[in-house]
Amino acid sequence: MKRIPPDDIDMLQHKVLSFYREHGRVYPWRKTTDRYAVMVSEIMLQQTQADRVVGKYLAWMERYPDPASLAASSLKEVLCLWSGLGYNARGERLQRAADIILRDFDGQVPGDPELLMTLPGIGPYTSRSIPVFADNMDIAAVDTNIRRILIVELGLDESTGPKQLMDVARAVLPAGRSREWHNALMDYGALVLTARRTGIRPVTRQSRFEGSRRWYRSRILRDLLEHDGGMTTEEISARYADCPYDLDGLLDELEKDRLIEQEALPDDGGVMVRVRA
DNA sequence: TTCCCGACAG
DNA sequence: CTGTCAGGAA
């Protein structure tokens, strides 16, 4: 891997940390070291702007202050509280993770990245960001913001892979200040070195939302959240007659994502669809 | 139009 | 490794 001059590291650390001291954003999840609270915030923050998460996070922590209360909830209520954040499967996975935490970890969110990786909804980034923000663990976590900063400030190639980025991130991490450092990087990336300003494209991009499969999925799920008894596929088909996609296929995917369940009604009464119990 | 403190399945 | 997942703000 490419060596980074110590002076460059000092420069970067000073620049980013200074900015943070002056202009750092204040968020409720930055005021706690509770690992569960941090886990909730980190999963909500996946692919979602921080400012839009604040209200949802506060409401969630009010209703589900610990893994036990979350595990005991109905999925329907979980999804109602999640509604507006997007990527509904994240909410379902978070609840499933709470269930595993109760069963296998005595109700305590594990602090080891390798254990966290085994939980649904927690991948390479989040498994590291949780110990970073909750426990100030001296490891590097690279998200889209941090990737962009490293590329711009250290003159890396935009094609630099995740492994090399991790090496670089580890090299510039100020020991003992992991939590502050990562928060600082987030804010520097979100407020100064924005994607628009730097022209650095994110690794993964998306097609337009309006009229997309995601758009129909979200509308169907929202309908089901309002209809306690569920809806038949007939009703759904009628409501979305304009849908260019195969509705049964969409429903099957929602079912695979563990968000809904489909039940064949007796006497060929069609198929009842409802939020998974 | 583009992107957001990514994860997961195919 | 590639496509897909939600929704709102800039």
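Chain A is the first sequence line, chain B the second, and so forth, proteins listed ahead of strands; every chain is numbered from 1. This structure is a prediction, so every number in the text was calculated from the model and none was measured.
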Indicate whether OP1 or OP2 belonging to B:dC3 is found under 4.0 Å from a side-chain N or O atom of A:R201.
-> yes

Could you tell me if the ring centre of A:W29 sits under 6.0 Å from that of A:Y57?
-> yes

Using whole Å, report how far CE of A:M44 lies from C1' of C:dC5.
-> 17 Å

Is a side-chain donor or acceptor of A:D157 paired with a backbone partner of A:S159 at a separation under 3.5 angstrom?
-> yes

How long is the gap from CZ on A:R222 to CG on A:L79, to the nearest 0.5 Å?
-> 12.0 Å

Take atom C1' in B:dC3 and the same atom in C:dC5, then report the distance between them in whole Å.
-> 15 Å

What is the distance from CD of A:E92 to P of C:dA6, rounded to the nearest Å?
-> 13 Å

Flag, side chain of A:K76 to backbone of A:E226, donor-acceptor distance under 3.5 Å = no

A:R213 side-chain N/O to C:dT4 phosphate OP1/OP2 under 4.0 Å | no

Which part of the nucleic acid, if any, lies within contact of A:R147, taking any heavy atom under 4.0 Å across all strands shown: a base, the sugar-phosphate backbone alone, or nothing?
-> nothing

In whole Å, what is the span from the CD atom of A:E255 to the P atom of C:dC5?
-> 16 Å

CD1 of A:I130 to CD1 of A:I122, rounded to nearest 0.5 Å, is 4.0 Å

Rounding to the closest angstrom, what is the interatomic distance between B:dA7 and C:dG8 at atom P?
-> 23 Å

Write down the distance between CH2 (A:W215) and P (C:dG8), rounded to a whole number of angstrom.
-> 12 Å

Protein proximity profile, nucleotides 4-10 of chain B - base contact B, sugar-phosphate-only contact S, no contact -, cut-off 4.0 Å on heavy atoms = BBBSS-S

Side-chain contact test, heavy atoms from C-beta onward, threshold under 4.5 Å: evaluate it for A:T48 versus A:Y87 and give yes or no.
-> no

Side chain A:R35, main chain A:A134, donor-acceptor under 3.5 Å = no

Euclidean distance, atom CG of residue A:L85 to atom P of C:dA6 [Å, nearest integer] = 13 Å

What integer number of Å spans the P atoms of C:dA6 and B:dG10?
-> 16 Å

Ignoring backbone atoms, test whether A:R196 places a side-chain nitrogen or oxygen under 4.0 Å from the OP1 or OP2 oxygen of B:dC3.
-> no

A:R197 CZ to B:dT2 P, in whole Å, measures 19 Å

Using atom CZ of A:R217 as one end and atom P of C:dG3 as the other, report the distance to the nearest whole Å.
-> 18 Å

Using atom CG of A:L193 as one end and atom P of B:dC3 as the other, report the distance to the nearest whole Å.
-> 15 Å

